[in-house]
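Each remark here refers to the structure printed beneath this line.
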Amino acid sequence: MPIDEADYADRPSSARIYDALLGGSHNFAADRAAAQKLLEAIPYAGDLARRNRTFLRRAVDHMLAAGVRQFLDVGSGIPTAGNVHEITGRTAPEARVVYVDIDPVAVAHSRDILAENPVATAVQADVRFPDALLAHPVVTEMIDFTRPIGLLMVSMLHFLPDEDAYVAVERLRSVLAPGSYIAISHGVVETPADASADQVASIYRRTDVSVATGRTRAEILRFFGTAELVPPGLVWLHEWPAPPAAGEGPENMAVLAGVGRVTGAA
Ligand SMILES: C[S@@+](CC[C@H](N)C(=O)[O-])C[C@H]1O[C@@H](n2cnc3c(N)ncnc32)[C@H](O)[C@@H]1O
């Protein structure tokens, strides 16, 4: 699908701001301006984005080692280095990957790079309507809901207000067979970055998602439902699955991350 910058000139998107933070090339002037403001509010936002991608890779590797062979990456973003299908392709080329994003640019670029890939694809959908997402013909064709799924919601749920977020995640969890996994990373309140929360919220108010809301540890834990947290539990982004050597990591990253294993009804 051809993308015309003029359609997006005035309204940044969370996907393209994130792409700009990662140094990607699929963003427009409005997105870069918003990313710059974000860096003024949170100077380590670029590091945060890169460490988020590292968490994604580690979580997918963990799920692959546990035998998961199908992945639903919700809020997948604009393809960049280390996409899920690249990670699975190294050790389990048969693994299926469905990327889901609300952003048309993210979905168009994902489809471009996946055009020749029979086991990975991208659909445009809004997770606030989980029934529509789960009933999407591509999703039902690619994903076998009787088998374990790796459900990824990485750096995405803080763009949903409470009234949408918990209902949507509960619905997605409800279709996960035992042996499935859920990976979540999520911005937190209660950190030294709190002072910038208002600035961040005001930057995102002008974007496609309108909302950027940090949550407390307890509020983030609720997203896992009855899934059992894999050790070390819900930890700072860069500490999963193990903390870096002393002095090698920041004290915190304003983002918590964890992986849960579904054992029964989730
Ligand atoms: C910060 S990016 C994270 C991308 C990727 N998960 C990662 O960690 O590298 C957040 C993504 O969530 C997507 N998103 C936000 N709200 C969404 C919604 N309601 N439904 C689907 N995707 C959404 C955005 O378009 C964006 O691509």
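Throughout, residue positions are numbered sequentially from 1 according to the sequence presented. Below, all heavy atoms of this structure are taken into account, side chains as well, without hydrogens, waters or symmetry copies. In listed order, ligands and their atoms are each counted from 1.
For a threshold of 3.5 Å applied to N or O pairs, the pair formed by G75 and ligand 1 contains at least one separation below that value. Checked by distance only, ligand 1 and V154 come closer than 3.5 Å through their nitrogen or oxygen atoms. In terms of polar-atom proximity, defined here as any N/O pair under 3.5 Å, S155 makes no such contact with ligand 1. At least one N or O atom of V127, backbone or side chain, sits closer than 3.5 Å to an N or O atom of ligand 1. Among the atoms of D73, none of the N or O lies under 3.5 angstrom from an N or O of ligand 1. Polar contact check, D208 against ligand 1: no nitrogen or oxygen pair lies under 3.5 Å apart.
Contact annotation: for S76 versus ligand 1, heavy atoms closer than 4.0 Å belong to the backbone alone. For I102, heavy-atom contacts with ligand 1 shorter than 4.0 Å involve the backbone as well as the side chain. With a heavy-atom cut-off of 4.0 Å, L160 touches ligand 1 through its side chain alone. Here N52 has side-chain heavy atoms under 4.0 Å from ligand 1, and that is the only part of it that gets that close. For A125, every heavy-atom contact with ligand 1 shorter than 4.0 Å involves the backbone, none the side chain.
Across R215, R128, R222, a single residue satisfies salt bridge (charged side-chain N to carboxylate O under 4.0 Å, His left out) together with D162, and that is R215. Among L72, V123, V98, the one residue that satisfies the side chain to side chain contact (heavy atoms under 4.5 Å, CB included) test with M142 is V98.
Electrostatic pairing of R96 and D144 does not count as a salt bridge here, judged by no charged N lying under 4.0 Å from a carboxylate O. Looking at D131 and R171, a side-chain N of the basic residue comes within less than 4.0 Å of a carboxylate O on the acidic one, giving a salt bridge.
Using a 4.5 Å cut-off on side-chain heavy atoms (C-beta onward), M63 and L152 make contact.
The distance from ligand 1 to the heavy atoms of V209 drops below 4.0 Å at these ligand atoms: 15 (C), 16 (N).
Under the 30°/60° scheme for interplanar angles, the aromatic rings of H85 and Y99 are found to stand perpendicular.
Atom 27 (O) of ligand 1 has as its closest protein heavy atom D101 OD2, 2.6 Å.
Interatomic distance, F55 CZ to S155 OG, rounded to the nearest 0.5 Å: 10.5 Å.
Between A59 and V259, the shortest heavy-atom distance links the atoms CB-CG2, 3.8 Å.
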